[in-house]
Enquirer: 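Below you'll find the structure I mean.
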There are 2 protein chains.
Amino acid sequence: MVKRSETPARLDDAARAGWLYYVAGRTQDEIAAAMGISRQSAQRLVSLAVAERLIKVRLDHPIAACLELGSQLRRKFGLKHVEVVPSDPASSSTTVGIAEAAAAEIERWLKRPEPIVLAIGTGRTLKAAVDQLPAIECPNHRIVSLTGNIAPDGSAAYYNVIFSMADAVKARHYPMPLPVLVTSAEERELLHGQQLVRSTLNMSAQADVTFVGIGELGIDGPLCVDGFLEKDEMMELMRGGAVGEICGWIFDVDGRLIDNPINERVASAPIPSRDASMVIGLAKGKRKFKAIRAAVVGHQINALITDEETAEFLLKN
Amino acid sequence: MVKRSETPARLDDAARAGWLYYVAGRTQDEIAAAMGISRQSAQRLVSLAVAERLIKVRLDHPIAACLELGSQLRRKFGLKHVEVVPSDPASSSTTVGIAEAAAAEIERWLKRPEPIVLAIGTGRTLKAAVDQLPAIECPNHRIVSLTGNIAPDGSAAYYNVIFSMADAVKARHYPMPLPVLVTSAEERELLHGQQLVRSTLNMSAQADVTFVGIGELGIDGPLCVDGFLEKDEMMELMRGGAVGEICGWIFDVDGRLIDNPINERVASAPIPSRDASMVIGLAKGKRKFKAIRAAVVGHQINALITDEETAEFLLKN
DNA sequence: TCGTTTGTTGAGTAATTGCCCATGAGCGAA
DNA sequence: TTCGCTCATGGGCAATTACTCAACAAACGA
């Protein structure tokens with residue numbers, strides 16, 4: 001976690017230095033002279049401004065290749081919305097680029113004047129996206145989490161994104177006061193029957209837009225790494241044809257939720273309607289190819305933010 | 001004028017290079033390797049991306065000092081909206097900073113879903129602001145020029161901003177097919193009576209939002225430099241108490257339009273209502289202090305985008 | 001076809017920036 | 001008060017970026 005809470009005065013200086021550097025186009029030497037500090041301090045302020053995301057860079061040009069891939073994907077899979085960002089071949093990150101694009105998309109939704117319900121899933125990509133959000137006030141909107149916020153060991157689940165979101169966005173937030181996986185279908189029924197949980201579930205079913213990460217399976221996949229499933233449970237699932245998951249809901253290569261005890265123990269809200277609302281999946285990278293493909297063909301999502309490389313895979317296969 | 005119309009393919013490369021540099025954070029060496037070009041070429045693409053404004057940087061932090069100045073100004077002068085950007089003490093430019101802020105404000109208006117009429121004045125500051133606009137499509141909106149587009153020598157007036165705006169913004173544009181200054185009040189009546197001109201004038205009177213520059217008088221002021229007024233006419237005006245102008249309408253230190261033959265020859269549309277609409281003035285800099293002050297106290301405008309230095313002057317005087 | 005012009009390229013170099021480290025100030029605990 | 005710790009600072013230096021220049025290539029016009 002990045003160090004929180006720099007003193008406001010320092011952030012103020014950082015903003016000023018960042019402004020002079022990026023907007024006014026001065027050198028760090030000039031900034032140092034203007035602000036009466038050493039060049040090194042000026043450099044620190046500038047990089048602090050970047051680190052604290054006071055400076056937002058956006059690319060305002062539709063890269064033709066990406067647009068083209070996007071519209072082909074939209075056509076081929078009948079998606080409502082597709083955004084393709086350039087690939088960075090040298091980077092193995094599964095978030096760079098997508099996070100920025102997704103943050104911009106989230107921001108667009110949050111800036112709508114009419115009140116909306118925004119549902120949010122979980123995962124590293126989504127976390128990275130939410131971390132890119134600037135401070136926004138939108139008291140009219142409601143933001144609801146689709147997944148529980150309690151990790152298997154009882155601690156708060158780190159990748160439960162809604163809390164990160166609450167840091168930046170001033171809106172009503174509704175976390176899901178549940179574990180991610182419960183011990184049995186019966187327990188799930190019981191928990192979902194609670195008044196508080198029921199109202200959150202109802203709200204999520206009415207989401208106008210939903211952002212979810214798409215997780216791959218495998219012993220390196222998030223479900224195992226974060227301790228939700230044991231290795232042998234994972235192997236069992238994969239033998240049963242599972243290839244990916246969204247909010248814990250595990251699906252096969254055709255994007256159908258598989259019939260397996262694990263899926264009966266998922267306490268997440270169902271993914272909101274792909275007919276009546278926008279469900280935007282975020283994912284890229286070779287390891288996720290199969291999972292993304294399945295989610296798209298099985299209409300677990302109806303919109304996608306991904307990168308060129310992944311887009312090309314989806315078009316060819 | 002910046003060189004127009006790079007080939008799309010090159011802009012595409014520039015966008016890609018810019019993305020890799022600013023968003024993905026790679027060095028120019030890495031970009032060069034990835035794109036199969038020399039490092040120098042990569043550098044050129046990156047700076048092309050910046051020069052063509054494909055890369056937009058925005059500062060997402062309310063600098064406390066600026067906010068404070070802004071709200072004080074709003075209170076003191078009863079303005080509807082004030083934006084204060086940091087001063088860059090080393091730069092004598094009258095546009096840096098304001099242009100970016102104004103472009104962002106224009107963009108916000110243009111992104112509104114309901115159709116609006118946006119009126120636009122003239123001047124270097126406004127030109128710089130419009131040059132910062134990204135490409136936007138907004139077929140619902142109408143953009144109307146308050147000032148004529150014919151310079152005294154009969155050529156197209158360079159600082160008639162609406163044409164620059166048309167380059168970036170896809171909306172209906174209504175230039176004012178008139179000179180800026182005509183030879184007499186009678187000629188103005190005649191020209192304003194023409195059907196085409198009348199409908200443009202009517203539209204400007206219904207503007208929802210108006211952006212204007214504030215010009216200072218003096219033999220170095222825009223009216224003289226651009227050849228609209230002779231030196232002696234200017235001296236005469238200043239002896240008569242004139243301190244500034246907006247769209248050619250000349251006012252005194254209290255912001256009242258002065259009673260002078262020149263003002264009877266101004267062919268611009270009247271500044272839209274400050275009671276019913278938003279009229280945003282853009283200006284900063286010592287030379288404009290008096291003119292800005294007059295425009296604000298005389299309610300020629302009801303909103304202001306300026307810099308710290310100017311804001312401090314306005315508060316103290 | 002042959003200059004001429006315009007624009008692109010890579011090399012070299014100057015300017016700028018990022019990072020490491022030693023220093024010392026500030027502060028709490030002994 | 002002194003010790004030990006943390007952290008901001010500025011110097012120095014390596015990495016990175018921006019600029020200039022000369023060579024070259026494509027486009028153009030005679």
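No hydrogens, no waters, no symmetry mates; every other heavy atom, side chains included, goes into these values. Fair warning: this is a prediction, and the values are worked out from it, not measured in the lab. Sequence lines set the chain letters: A, B, ... in the order given, protein chains first and strands last, and positions in each chain run from 1.
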Enquirer: Just to verify, what does B:E312 make a side chain to side chain contact (heavy atoms under 4.5 Å, CB included) with, not counting sequence neighbours?
Expert: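 Once residues adjacent in sequence are excluded, the partners of B:E312 under the side chain to side chain contact (heavy atoms under 4.5 Å, CB included) criterion are B:L69.
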
Enquirer: Return the set of residues passing side chain to side chain contact (heavy atoms under 4.5 Å, CB included) with A:A101 (not counting sequence neighbours), or none when no residue passes.
Expert: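 A:A101 satisfies side chain to side chain contact (heavy atoms under 4.5 Å, CB included) with A:E83, A:V85, A:I305 once adjacent residues are dropped.
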
Enquirer: Does some side-chain heavy atom of A:D131 sit less than 4.5 Å from a side-chain heavy atom of A:S164?
Expert: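 The answer is yes; the side chains approach within 4.5 Å.
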
Enquirer: Under the side chain to side chain contact (heavy atoms under 4.5 Å, CB included) rule, collect the residues that match up with B:S41, sequence neighbours excluded.
Expert: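 Side chain to side chain contact (heavy atoms under 4.5 Å, CB included) list for B:S41, sorted by chain: B:I37, B:S38, B:R44.
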
Enquirer: In whole angstroms, how far is the P atom of C:dT8 from the CG atom of B:L45?
Expert: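 Computing the B:L45:CG to C:dT8:P distance gives 11 Å.
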
Enquirer: Which dot-bracket notation, 5' to 3', represents the base pairing of DNA chain D when pairs are defined as Watson-Crick or G-U with both distances under 3.5 Å, crossing pairs as [ ], and inter-strand pairs as |?
Expert: ||||||||||||||||||||||||||||||

Enquirer: Across nucleotides 10-17 of chain D, 5' to 3', mark each nucleotide with B, S or - according to how protein heavy atoms within less than 4.0 Å reach it.
Expert: BBB----B

Enquirer: To the nearest 0.5 Å, what is the distance between CZ on A:R287 and NZ on A:K284?
Expert: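 The CZ atom of A:R287 sits 12.5 Å away from the NZ atom of A:K284.
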
Enquirer: Taking only residues two or more places apart in sequence or in another chain, which ones pass side chain to side chain contact (heavy atoms under 4.5 Å, CB included) with B:A129?
Expert: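 Only B:A99, B:A102, B:L282 meet the side chain to side chain contact (heavy atoms under 4.5 Å, CB included) criterion with B:A129.
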
Enquirer: Heavy atoms, side chains only, cut-off 4.5 Å: are B:E216 and B:K286 in contact?
Expert: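 No, every pair of side-chain atoms sits at 4.5 Å or beyond.
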
Enquirer: Is any side-chain heavy atom of B:L59 closer than 4.5 Å to a side-chain heavy atom of A:I55?
Expert: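 Of all side-chain heavy-atom pairs linking A:I55 with B:L59, at least one is under 4.5 Å.
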
